[in-house]
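Working notes, structure below.
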Amino acid sequence: MTHVDPYFRKLTGNYLFSEISRQVAQFQAAYPEKRLIRLGIGDVTRPLPAAVVEAMTAAAAEQGTPAGFHGYGPEQGYPFLREAIALHDYQDRGIHVDPDEIFVSDGAKSDCGGIGDLFAAGNTVALCDPVYSVYLDTNVMAGRAGEFDPATGRWSGFLYLPCTAENGFVPAPPAEQADLIYLCFPANPTGASAGRAQLQAWVDYANDYNSVILFDGAYEAFVTTPGVPRSIFELPGARTCAIEFRSFSKTAGFTGTRCAYTVIPRELEREGVSLHRLWARRQATKTNGVCYVVQRGAQAVYTPAGRAQVAENLAYYRRNALTLRAGLTQTGLTVYGGVDSPYLWVKTPKDQTSQSFFRLLLEEAGVVTTPGSGFGPHGEGYIRLTSFGKAGETQEAAERIAALL
Ligand code: MLT
């Protein structure tokens, strides 16, 4: 008799974005003539930068030659990429991160989901509410969630950190002990960015309580406000309490190409165990890393041409965010985010639920969004839009919504 994992089976619904896709596909099948504008999942629409394509083409050709062929690579990533990341994303910005503290992977989602392997089931997990579902679902799978209460939409084992308009969607550290703290700034889904003092409070808390901060920095490239940290390692003390996840997905258009990295400082340890060593052991056991061709493509992001092309992509998405912000605000909607972030967090009008406003926009305006309630109870009464769409469609989406309301 085979027994199914008891914690995994506690997850009854679909993964959030699978559920949205299901609803949208069902609607599109019923109304095939409707042209939908998709601003739901944060998937990019700009093609890969030319410098990346050139580097990957050359690397693919190399793989077809006896002299240039690469078999298994180092599980933690090729030195050429780890060195480029350390130099350009950290050292050039005055942040201490060494190449061997960088672990190249196929996605920040995989790493945010996998990092829990290092920690005991008994740890208390603190989660923002609303939150990127991966942190929550993977901790349910790992047995850290306790029981789900349908009345509140909450799990008994998590320490929820409400993110509301009142606290600017940036929670302060709790009075209680939290062992594992997932933070994502600029935030998915609310689009809020955290200031230096706010992040410093978390770093101090984590060092005081011997907690570990799991910092998702997938959207750091969107920060434009002076003084807003782009890395947790800008804060003094973070090297003894934080792990950072970064991605090429939203900057260089790698959502379909897959490359990301995780930074674990060498001095980060708990109970005398190096988390750097543990993650290296975990990765060597569970993955053979990212393919050579893709890593060469990621390396090209740091060339002068690659940097200029990525900057153009970011500017394009920032203009989309401004278009949405301006259009929706003029319509009378209350809009948060979209400044240091590709996400806009929009209050539903007339106290509609997230789901009913999501359906209204889908059915009447043909605009796909994400219902805020899918990210947690405090997401109720909001929807999320992304600025990763095509510029013309983004403008049209704002106009369609304005015409509807
Ligand atoms: C999102 O829409 O929240 C993101 O695209 C999800 C992800 O990056 O996995």
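Bear in mind that the values here come from a model prediction, so they are computed numbers and not experimental data. Both counts, for ligands and for their atoms, begin at 1 and track the order of listing.
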Does a side chain donor of either [X] or [Y] reach within less than 3.5 Å of an acceptor in the other side chain?
X	Y	result
Y261	D89	yes
Q200	D204	yes
Y90	D98	no

Answer yes or no: is there a side-chain heavy-atom contact under 4.5 Å between S249 and D43?
->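 No, their side chains stay 4.5 Å or more apart.
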
Electrostatic pair R35-E393, nearest N-O below 4.0 angstrom |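 Answer for the salt bridge query: yes.
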
Within the heavy-atom cut-off of under 4.0 Å, ligand 1 is lined by F17, I41, G42, K109, Y132, N188, Y219, K250, Y343, R384

Provide the closest heavy-atom pair for L159 versus Q177 in the form atom of the first, atom of the second, distance.
->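 Here L159 and Q177 meet closest at CD2-O, 4.1 Å.
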
